[in-house]
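Whatever order the structure lists them in is the order used to number ligands and atoms, beginning at 1. One is the number of the first residue; the rest follow in order along the sequence. Everything quoted here is computed from the prediction, not taken from an experiment.
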Amino acid sequence: MQPVRIGIIGSGNVGAGTLEILSSNAAELQSKLGFPLQITAVSSQNILNKKVSHIPAGARITADWREVVFADDVDLVCELIGGTTTALEIIRAALSAGKPVVTANKELMALQGSDLQALATAHGATIHMEASVAGGIPIHSVLREGISADSIVGFFGILNGTSNYILTEIEAKGSAFEAVLADAQKLGYAEADPTADVEGYDARSKLALLAQIAFGQKVSPTDILCEGIRRITPFDFEYAHTLGHTIRLVCAARKTPAGLALSVRPTLIPKSTILASVLGAYNAIWVRGAAGQDTFYYGRGAGPLPTGVAVVSDIMRAARDLKTQSVQRCSPFSFLQLRQEALASSDEFTSGYYLRFRVRDTTGIIAALCKILAENGISIDAVLQLPSDDKSNLPFVITVEHAREANLRNALSAMSSLDFLVEEPLALPLEKGV
Ligand SMILES: NC(=O)c1ccc[n+]([C@@H]2O[C@H](COP(=O)([O-])OP(=O)(O)OC[C@H]3O[C@@H](n4cnc5c(N)ncnc54)[C@H](OP(=O)(O)O)[C@@H]3O)[C@@H](O)[C@H]2O)c1
């Protein structure tokens, strides 16, 4: 049986995992497919100066991606370099040449995925992106096919392993954010520049992409309310535990009467909820359908081999389509067309909130804060103060009942002029039911 010939561009973490799985599972893949997968070309910018394992003898090794995309001996192109510039050029060139593309690129697919899907359709090609969100968890397949009969009403995800690792280490060890981040960098769990992970931008791209698949609506990542984890302290976990909660960076998507409500925020979630048990670098997505109700998906969100499994499974799907000469049976976005609709304004989000203050101890603090909250129509649920010796930097917490986000922001802005505050209050959503 003739092989399907694969060209791989990118030989970093995911490229290496993909090459390893194609090599070590070759016989099993062939017995599933009925034909072999053959790697005929591998490219990355510095490939001529480094050793890359699992490249089969006879495969072309080149620093020029064009020698992969335009080659006659490449039927299917894997883009595994990331970013939104060269990767876009590669994918456009491959699709325009009618070649199927497999990519792990959440950033690019969140921004341009539906246009690339249209380009694929126009050229009789296909595009596949399972590895782009939550690495080893096949959440795209689930939304696109597994539960596509349902109407999704919401989902909640822990989609960034680095920030989940940092939060759960702060929680377990009581260490400060900066110390845990430094350890995570030493252990390879966090990048030298951790901005995309700790500010929530990586999770935001993944949320944008999953929301498009779940709800059939175009979502631009920059329209999503996004807050990072830098300000979370061991104190916050102590208070969260006192409230029977923990803190996770939650990607939330909800259908609301005001439109789709999307956010990435450190959030207090009940310790009893299944999401609270997601520890370390693991990812999870809890999906709620109108008919099928709750389903939960858990696994490794990154890493060469878990992500490599997702890439190679996509290669198998694309290769089967090539062999049967079928056009894409199912759009990678699940919906044939994505709707253009505005997201719900974050002003209209409602939630209970956890407000953490640091103050110079003086009289009248609670009265001043309560007055501002009351003026903004916000009702107090509880006031908590754990013992602390430092009267010049005293932490305490007020939790409030469900309130509009806009009212909360007005209250926080009014509080900024209070001279007993050592720093801006930290406001986190406090979920009872997630
Ligand atoms: N890491 C994960 O676990 C994971 C999980 C899910 C999705 N992803 C996604 O998978 C993609 C790859 O991530 P990664 O972690 O494998 O990245 P990585 O380890 O940094 O590897 C990137 C690879 O791309 C090559 N490259 C970069 N710019 C290039 C250019 N302009 N032209 C040619 N080659 C270029 C690099 O070449 P050289 O090595 O030759 O310098 C390297 O081989 C990204 O889209 C990422 O978001 C990653």
Side-chain angles (χ1 to χ4, degrees), residues 7-21 41-55 60-69 77-94 101-113 116 127-140 157-165 184 187-197 201-210 221 280-283 285 299-315:
I8 294 182
I9 306 173
S11 60
N13 288 304
V14 181
T18 300
L19 286 165
E20 184 171 343
I21 286 165
V42 181
S43 171
S44 70
Q45 57 192 354
N46 297 307
I47 199 161
L48 301 178
N49 307 318
K50 65 180 207 179
K51 171 146 179 44
V52 179
S53 304
H54 302 294
I55 299 181
R60 192 165 52 263
I61 298 174
T62 170
D64 183 356
W65 59 263
R66 291 170 189 81
E67 291 180 13
V68 176
V69 169
V77 173
C78 261
E79 179 282 303
L80 304 174
I81 72 169
T84 55
T85 50
T86 309
L88 178 60
E89 254 190 282
I90 291 168
I91 295 178
R92 277 199 180 133
V101 169
V102 172
T103 178
N105 194 327
K106 76 218 124 197
E107 202 187 350
L108 180 60
M109 293 309 285
L111 286 169
Q112 310 246 9
L116 291 171
I127 185 160
H128 309 261
M129 57 178 184
E130 180 65 67
S132 59
V133 178
I137 308 174
I139 187 64
H140 289 248
I158 293 178
L159 298 178
N160 182 269
T162 304
S163 54
N164 203 56
Y165 173 82
L187 292 167
Y189 287 123
E191 310 254 349
D193 177 0
T195 312
D197 292 322
Y201 305 143
D202 171 85
R204 182 178 69 175
S205 291
K206 293 167 177 170
L207 173 61
L209 198 41
L210 281 192
Y282 278 86
N283 279 197
I285 305 109
R300 293 206 175 267
L305 290 177
T307 312
V309 169
V311 172
V312 177
S313 300
D314 265 355
I315 290 176

Per the under 4.0 Å non-hydrogen criterion, ligand 1 touches G10, S11, G12, N13, V14, S44, Q45, N46, I47, K50, L80, I81, G82, T86, A104, N105, K106, A131, A302, G303, T307
Does [Y] offer a backbone N or O that forms a donor-acceptor pair with the side chain of [X] under 3.5 Å?
| X | Y | result |
| --- | --- | --- |
| D202 | A196 | no |
| N105 | G83 | yes |
| T307 | A131 | no |
| E130 | H140 | yes |

Sorted by chain and residue number, the salt bridge (Lys or Arg N to Asp or Glu O under 4.0 Å) partners of E20 (sequence neighbours excluded) come out as none
Practice prompt. May I ask you to say whether E79 pairs ionically with R92, meaning some side-chain N is under 4.0 Å from a carboxylate O?
Written response: no
